[in-house]
*Asks:* 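Sharing a structure below in structure tokens format, with a few things to ask.
Every chain is numbered from 1, with letters handed out A, B, ... down the list of sequences.
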Amino acid sequence: AQMEIPRGGTVIVSEGQQAPFQAVFNPYNPNPTRWTRMSMFEPLIVFNPVGGEPNYFLATSYTYGDDLLSLTFTLREGVLWSDGEAFNADDVVFTFNLIQQFPGLDWHGLLAFVDSVTKVDDYTVTFNLSRVYTLAHIILGRFWPLPEHQWSTVADPVTFANETPIATGPLTNVTAVNEQVLEICRNANYWGRDEAGNQLPYIDCMRQPVFLGNDPANLAAVNGEVDWIGNFMPDIDNTFVAADPENHHYFFWPGGGTVQLYVNTTKAPYSDVQFRRALSMAIDYQSVVDIGMYGYTIPANPTGLGPINEGWISQAALDAAASMGLGVFDSAAAAAVLDEAGYVDADGDGWRDQPDGTPIVFPVQVVNGWTDWVTSVQIVVESFQAIGLNASVDTPEFGQWLNNLQTGTFDVSIGWSASGLTPWDFYRAVLDSTLITAEGVANGSTWGRWVSEETDGYLTAFVATADEATQREIMNNMQMAYVTNIPAIPLFPGPTWYEWNDSRFTGFPTEDNYYTQGSPWEETFGARLLVLLRIHCVDDTSCGQG
Amino acid sequence: MAVKLVDEPRLKVRNLQVEYHTRRGIVRAVQDVSFDVYPNEVFGLAGESGCGKSTIAHAVTRILKPPAYITGGEILCNGTDILMMGTETLRRFRWEHMSIVFQSAMNALNPVLTVGEQIIDAIQAHVLTPKKQARQQALDLLQIVGIDPGRIDSYPHQLSGGMRQRAVIAIALALKPELIIMDEPTTALDVVVQKQIMQEIRQLKNKFGFSILFITHDLSLLVEFSDRIGIMYAGELVEVSPSREIFQNPRHPYTMRLMNSFPTITGPRQDMLGIPGAPPDLVSPPSGCRFHPRCSVALAGRCQEEHPLLKTVSPRHEVACHLAESEAVKHGG
Amino acid sequence: METSQPVSAPLGVPQPKPTRRVQLPDWMNSILRNRKASVGIIILTFFVLVSLFAGQLTSINPTRRVGRPHEAPSAEHILGTTRDGKDVFSQVVYGGRTTLFVGFLTGTIIIAISIVMGLTAGYMGGWVDEFLSMLTNVFLILPGIPLVIVVAGWLDRPGPATVMIVLGAISWAWGARVLRSQTLTLRNSEFVAAARVVGEPTWRIILFEILPNMVSLVVSSWIGAVQYATLALVTLEFIGLGDVNIVTWGTILFWAQNNQALLTGAWWTFIPPGICIAAIGLSLTLINYGIDEITNPRLQRS
Amino acid sequence: MAAEKVQPILEVKALSKDFVAGNVLTRRTVKAVQDATFNLYAGHVTALVGESGSGKSTIVRMIARLYQPTGGQILFKGQDVAHDRTRGRLLKYRSQVQMIFQDPFSSLNPVHRVRHNLERPLIIHKRIKRRQDMREQVHSLLRRVSLTPVEEFADKYPHQLSGGQRQRVAIARALAVEPLVILADEPVSMLDVSIRLGILNLMAQLRNEQNIAFLYVTHDIASARYFANEILVMYAGHIVEGGASEELIQNPQHPYTQLLLSAVPDPARGLRTAEVEVVGEIPSLAEVGLGCPFAARCAHVMDKCRKAMPPRTQLSETRWTRCYLYE
Amino acid sequence: MRFLARRLVFYLVALLVAIVLNFLIPRLMVGDPVQLIIARFQGRIEPSAVDAIKATFGFVQGPLHEQFFTYLSNLLQGNFGPSVMNYPVQVSQVLGASIGWTLRLVGTATILSFLIGTLLGIVAAWRRGSFVDGYVLPFLSVLGAFPYFWFALMVVYVFAFNLRWFPMSHASDISLRPDWTSWPYVSSVIEHAVLPLMTILITSVGGWMLGMRNNMIGVLSQDYIVMAQAKGLAERRVMLTYAARNAILPALTGFAMSLGFVIGGALVIEIVFSYPGVGFTLLQAVGARDYPLMQAIFLLITLAVLVANFLADVAYVLLDPRAR
Ligand SMILES: Nc1ncnc2c1ncn2[C@@H]1O[C@H](COP(=O)(O)OP(=O)(O)OP(=O)(O)O)[C@@H](O)[C@H]1O
Ligand SMILES: Nc1ncnc2c1ncn2[C@@H]1O[C@H](COP(=O)(O)OP(=O)(O)OP(=O)(O)O)[C@@H](O)[C@H]1O
Ligand SMILES: [Mg+2]
Ligand SMILES: [Mg+2]
């Protein structure tokens with residue numbers, strides 16, 4: 001008894017600054033054209049970043065073997081590739097074997113824990129794991145099966161551009177890809193249906209113009225030329241919203257990775273937990289968030305975990321943090337901590353020195369041109385200077401900055417961290433000492449060079465069990481270790497830019513009904529797929545001209 | 001070569017005054033100058049650098065541009081006042097009746113056009129002539145001035161200095177004017193080439209019967225080449241006379257000193273004095289006779305206060321000097 | 001195709017002037033008498049004074065937050081505040097100081113290299129000249145700004161020093177070429193030959209005979225270089241290749257643009273620095289124009 | 001003017017100069033001066049006349065050690081200086097051989113006062129014992145060239161001087177070192193007729209009073225007659241004739257000298273002189289071959305003229321020429 | 001023609017220098033492109049996958065001279081390799097699209113600016129003190145003092161955003177299919193080019209005008225101009241054939257040389273107008289350490305400037321017989 005949902009229309013998308021498009025529709029390319037992943041190519045299962053519930057796409061269920069060393073997916077029946085061929089287990093098996101054959105395709109890092117794949121029947125496959133790894137279903141779930149009938153003839157899938165893609169997703173028909181615009185239209189064979197049995201998606205096409213800077217992208221958004229937006233916009237209420245309060249909306253869910261201040265824990269005085277504690281207490285978090293981040297996020301939780309892991313946060317850890325004064329702006333208290341630990345101005349130059357008299361001078365590194373971070377760091381440095389620490393802002397170029405962090409040639413720096421459906425991803429990225437190699441940090445954000453058997457132990461234990469209670473206990477301990485040791489100083493969870501214009505299309509996630517992360521650029525958790533399948537024209541006339 | 005002075009003059013300059021308005025003040029470059037040029041005559045104008053010779057030449061052709069202003073006088077060519085002509089009349093008049101050869105041929109030719117084009121330009125600007133015919137005329141003109149007509153398509157830089165000067169003369173002759181003004185046409189050239197060109201000019205003059213207003217500071221050349229000579233000093237004409245007369249019997253103290261300033265190759269080898277001092281600044285010229293500060297025979301009061309006017313002292317010989325009448329001059333100098 | 005020296009120096013014996021040595025050099029006098037140049041000098045002096053007395057003009061630290069974000073101009077904040085609450089007026093004043101300083105220093109570096117290259121090539125002649133001229137011409141032809149972008153990206157820390165080095169290293173060619181040809185002319189002039197006959201050593205000839213005659217050319221090339229450097233600096237900073245941490249007119253614009261000053265209506269962060277840059281550019285143009293007029297009197301109108 | 005022809009103070013022997021003109025692709029050699037031989041004597045003026053581009057300045061500049069000769073010798077007081085580049089000896093030479101340039105408007109540096117121009121040679125050549133003498137010395141130099149009042153002139157800049165005054169400053173500069181030889185490269189050709197004589201007379205006075213040897217370069221043969229004891233005629237890089245000046249002018253021997261003299265305008269010779277027949281123009285020095293450079297324009301040209309330059313033929317004690325007609 | 005031959009030799013040398021610079025500069029940069037690609041995953045990528053990426057790009061790190069010869073031989077084959085940012089798309093393909101837009105925009109703007117500036121300069125010199133000389137010239141000089149980008153932003157804000165007279169971004173209407181034979185497309189291209197073109201024109205025309213005016217004034221005082229006027233030639237002929245043709249010669253060299261600068265200036269304009277040109281691509285390539293792309297762009301710009309210079313030389317030879 002639902003109202004007929006209007007169909008058709010071209011939704012116009014903007015992600016802020018965007019490089020000109022090239023026709024690279026190989027999802028296993030390091031950097032394929034936008035909308036290749038999670039709209040053209042579908043995963044097996046993705047877990048909603050908001051709430052974490054599974055959304056089944058090419059699989060309909062998954063089960064671990066009793067020994068946790070195998071993972072079986074039941075595949076969806078009746079799915080057709082965009083060229084009309086049927087999708088089945090052979091495609092999944094083929095794709096994994098292809099990855100094994102060409103490790104250059106292994107973006108998900110599957111080979112680190114998957115040994116082989118077995119086809120059970122046409123719609124069942126079993127992955128045989130090389131070790132117990134209870135996050136396997138999340139990672140394997142994101143893996144994109146390729147059409148065997150097309151890719152089996154591809155000589156080198158690593159360098160294959162795949163200009164005419166064959167995929168199962170809702171948008172597969174590329175109608176324009178050039179230096180100015182990308183336009184992809186619906187897959188006539190798409191399997192998805194809404195409750196009323198209507199074929200999905202409702203929209204005909206997605207069009208993303210190239211904006212070479214944030215500025216033109218924002219002007220276009222303010223002008224109402226775009227429908228689905230992932231731009232950073234300063235002063236958004238007075239510009240974007242004010243231009244059309246009725247239809248222009250935004251919601252910057254702070255569900256991104258936590259931005260932290262990393263200190264090089266191998267060097268004095270940063271190796272001293274009291275010093276780090278003082279730093280944490282000295283920072284004016286509210287100003288950082290309000291000024292540096294335009295008020296678009298919230299101060300971070302001392303455990304480092306953001307809203308995406310809300311359900312995991314341990315009250316005990318929070319209490320411990322509170323008793324230490326962490327994450328609360330209090331210059332006087334911070335100064336007192338430093339005084340007590342012996343960091344006083346020994347040489348009378350107005351700045352504090354180390355207990356042995358060595359002057360403390362440290363630049364806080366931040367990438368040149370990342371203006372929100374630069375402003376944040378400026379405020380952080382002001383806070384540090386206020387308690388007598390000789391800090392300054394240093395803005396190397398991105399490449400240089402990254403290199404400094406990877407090789408440990410820095411004292412203090414702002415930096416990102418990973419986030420995932422469980423806190424494991426965050427702590428793994430920040431603390432896993434196996435990621436620190438002689439040449440530098442392999443990957444992740446273990447820039448603080450924190451080495452501890454305790455935390456390493458929690459990380460391995462967590463993925464070795466599938467029992468949620470055990471996992472929660474491990475994570476509680478982990479959080480406690482984080483707040484007592486302060487290996488990094490969390491500043492704020494990363495906001496996710498997302499605006500929408502209701503005048504032509506509707507069905508976007510709203511603040512009240514935030515059914516998934518709304519940003520059109522979101523690719524990791526497949527949130528984009530969920531939005532794509534829901535949006536539709538407001539009425540029959542609203543998006544006729546597209 | 002006697003010139004019949006009974007004819008009406010081709011060019012009559014009367015009380016010409018030219019000023020340059022500069023930052024330093026008004027430069028009175030030409031002050032109350034009058035002279036005539038008769039048909040088939042070469043009238044020479046000489047004087048030190050900066051005395052206003054070129055200014056007269058430019059005034060006569062009316063090509064002076066600000067900051068130069070003609071502030072008085074008449075310039076009659078064949079009876080019509082050039083200064084009264086409208087732009088279009090002047091454009092037509094010029095070159096058909098009167099042309100000019102500039103001080104330096106190096107700069108008088110447009111470097112990016114061939115010699116032929118520049119001659120043809122002149123012809124076509126005045127007479128509606130088909131290109132072919134104009135080119136033929138240009139070839140003839142080159143022949144006349146002694147350039148191999150094969151060089152018609154040469155650019156100025158491909159010609160030697162002498163050839164360039166000839167080409168400029170060819171342009172000046174293009175419309176067979178009655179009067180050609182030549183402002184130091186040979187200063188940049190060697191004597192041998194100078195000689196050649198001067199000979200050719202003379203031949204052409206005899207052949208076509210035009211008059212020449214000839215300007216130079218090379219007195220030897222002037223005396224050898226002109227029929228009559230006007231000597232200028234500081235913007236004024238101080239003596240006008242037939243050339244032989246002025247050479248042998250100069251009457252103005254300045255002329256006398258001038259004639260005594262250049263050694264010759266055949267005359268007696270004697271000590272010469274030149275003229276002490278330097279020409280005056282034309283912004284604030286000396287009072288009275290402008291030459292008096294440098295004149296060794298100046299009369300104490302009179303020359304400083306009273307401005308001498310051109311007076312006829314003997315037939316066809318005019319001098320502007322208070323002493324000209326008195327015999328004292330002859331022994332002064 | 002040599003043109004002979006015009007014989008048009010002032011004629012006559014000028015009246016002896018009783019003034020003694022405390023005279024300004026002639027060219028300076030002429031510059032001050034030229035209207036365009038003096039307007040340019042007045043504008044420039046104004047900005048130089050503002051930079052010098054920045055501390056007296058405003059007591060507000062340009063890098064401190066002193067107000068709410070994007071406050072409109074008021075008595076307290078004459079030009080309002082930036083998005084992060086800093087005082088725009090004091091930023092423009094202090095930013096001008098850095099911009100002018102770096103612009104002039106860079107211009108000076110550029111012209112110093114030009115002088116060394118140009119004078120060496122012009123005076124030494126021979127293969128030294130051939131080599132240096134070739135080098136000059138090559139640098140003249142290499143596209144400057146793209147090269148600066150590439151090189152600035154290579155140096156690890158952007159900032160005024162980087163820009164100075166990079167601009168200096170690749171922008172000297174124009175000046176070198178002009179100065180070389182002038183040196184060549186002067187070197188062949190008779191007074192240089194006269195100095196050699198008198199027995200002046202080479203270094204004295206270059207420093208005391210040739211260089212003083214190029215003062216107006218050096219000054220005008222220098223001004224051109226300063227203008228070029230200032231504009232290049234501001235442009236590079238604007239596109240994010242400068243150090244966004246320090247306050248210059250370029251970075252004020254960078255931040256204004258980043259905070260979408262025009263869209264949010266915070267024109268006061270965008271218009272004033274733009275006008276200041278234009279005013280400096282204009283003043284330098286006017287000065288050079290004036291110098292042009294002085295050295296080429298034909299350009300003057302009586 | 002009976003200058004004793006004793007020992008020449010400066011001897012030029014078979015001097016030649018090749019210039020390399022053009023760039024790498026258009027390289028060609030210009031033989032500016034070939035086989036020039038003559039002497040300068042104290043108190044004696046030797047004039048070098050010839051058309052523009054004939055190589056006069058090149059000879060002067062080689063003697064002034066501004067150009068390095070390609071071949072030949074310059075003997076000063078019997079010593080070859082052409083190939084001596086030691087700074088000390090070069091300075092010594094310069095203190096005895098000085099030069100006056102053609103263009104008084106460019107031979108004085110516009111940025112220096114008159115005083116500076118006179119002080120420098122005094123300082124460089126240590127002609128001054130005490131600093132205090134400097135002022136007096138400068139003034140006496142100015143007095144010698146009749147630039148009075150000296151105080152005033154010493155402080156002037158060149159642009160405040162007239163052409164003649166500038167040339168006087170240039171002469172004073174040359175005199176500052178008390179030279180034995182002065183090389184004057186067309187010292188009056190840029191000056192007005194009326195001023196020329198003043199300068200020529202000044203130089204004549206110096207020659208007479210200080211016994212200076214002059215090399216007087218000019219294209220105005222009449223002034224050479226007026227000022228010089230001996231005249232050398234140059235044509236396209238070669239000195240083609242030489243001799244006592246009056247004799248040479250009244251009785252030119254070389255066909256080129258004859259042509260030159262006939263072309264000089266001379267009112268005293270009587271107006272409307274015979275018209276001369278001249279063909280061609282001075283050849284480009286880059287193209288001169290082996291023979292006599294005047295062959296192409298010469299009315300008396302013979303076959304051998306085109307093959308080799310005629311040797312020097314002594315016509316009398318004071319005259320010589322290089323022409324096959326007189327061999 | 002000897003002149004041109006000599007210039008050609010020079011251009012070859014210049015090109016060689018550019019090629020060597022081009023080879024060296026990126027190699028001196030810190031940070032390798034693979035690291036940057038990995039960094040984009042902000043820690044969400046497994047360490048084991050890092051090797052996969054490195055393998056994908058297969059960067060060879062031989063000794064420098066070997067690298068240089070590979071680079072040279074690839075260059076000679078016109079093969080710049082794949083772009084890192086757009087892997088595996090070839091650099092030539094990445095550039096193919098943007099170079100056209102830049103050449104069209106900057107080319108048109110530069111030529112127009114030169115022509116208009118020169119023409120105005122001629123008029124200003126010919127009629128000293130007239131409206132053009134007394135008002136237009138100072139006005140354009142003031143405009144020329146503003147930085148390109150500042151002006152561009154103001155223009156976008158006023159004429160595109162507020163007044164909506166012109167489109168704000170892109171080189172054509174993006175809903176139209178590129179088709180140079182269809183009028184709607186071509187007209188949209190023109191419409192989109194108006195603002196960026198005007199910005200370049202307005203800020204650069206004053207310089208040309210002033211230069212030409214001063215050259216022209218110098219030429220106008222030459223004897224041959226006076227003589228041409230005295231000859232009675234028509235004013236137009238004196239102005240154009242006698243005066244302007246001589247006055248334009250020094251400007252020609254400057255014109256060619258300015259191209260390098262204009263491309264730099266256009267870069268900022270491309271960003272402001274989202275004009276998909278090569279300047280923006282360069283900036284991006286530098287940010288992403290996309291060496292092959294950077295090198296290709298820099299070489300391309302250099303080549304364009306060299307070609308422009310050569311054309312200017314040819315024009316010079318055509319206009320000035322002395323250079324022949
Ligand atoms: N454009 C000008 N502006 C100001 N004064 C000028 C200008 N042209 C000439 N004069 C002055 O006018 C006077 C006469 O100049 P003119 O050129 O007529 O002299 P001239 O006799 O032809 O000299 P020369 O023999 O050097 O050619 C000189 O004092 C000169 O300084
Ligand atoms: N530095 C040089 N490089 C190349 N060629 C030169 C150089 N100097 C002079 N020449 C050439 O040498 C020849 C002789 O020149 P020089 O200056 O000696 O002649 P000149 O007789 O003094 O002429 P003028 O009377 O014009 O001064 C000329 O053809 C000239 O072009
Ligand atoms: Mg004159
Ligand atoms: Mg000479």
*Asks:* Heavy-atom distance under 4.5 Å to chain B: side chain of D/Arg196, backbone, both or neither?
*Replies:* neither
*Asks:* Measure the acute angle between the ring planes of B/Tyr254 and B/His252, then classify it against the limits of 30° and 60° as parallel, tilted or perpendicular.
*Replies:* perpendicular
*Asks:* Give a yes or no on whether the backbone of B/Asn40 and the side-chain of B/Ser211 come within a donor-acceptor separation of less than 3.5 Å.
*Replies:* yes
*Asks:* Checking B/Gln248 against chain D: side chain, backbone, both or neither under 4.5 Å from a heavy atom?
*Replies:* neither
*Asks:* Measure distances from D/Glu246 to the heavy atoms of chain B and classify the residue's part below 4.5 Å as side chain, backbone, both or neither.
*Replies:* both
*Asks:* Should the pair B/Glu41-B/Arg228 be classified as a salt bridge under the 4.0 Å nitrogen-to-oxygen rule?
*Replies:* yes
*Asks:* Is it true that B/Lys195 and B/Glu200 make a salt bridge, defined as a side-chain N closer than 4.0 Å to a carboxylate O?
*Replies:* no
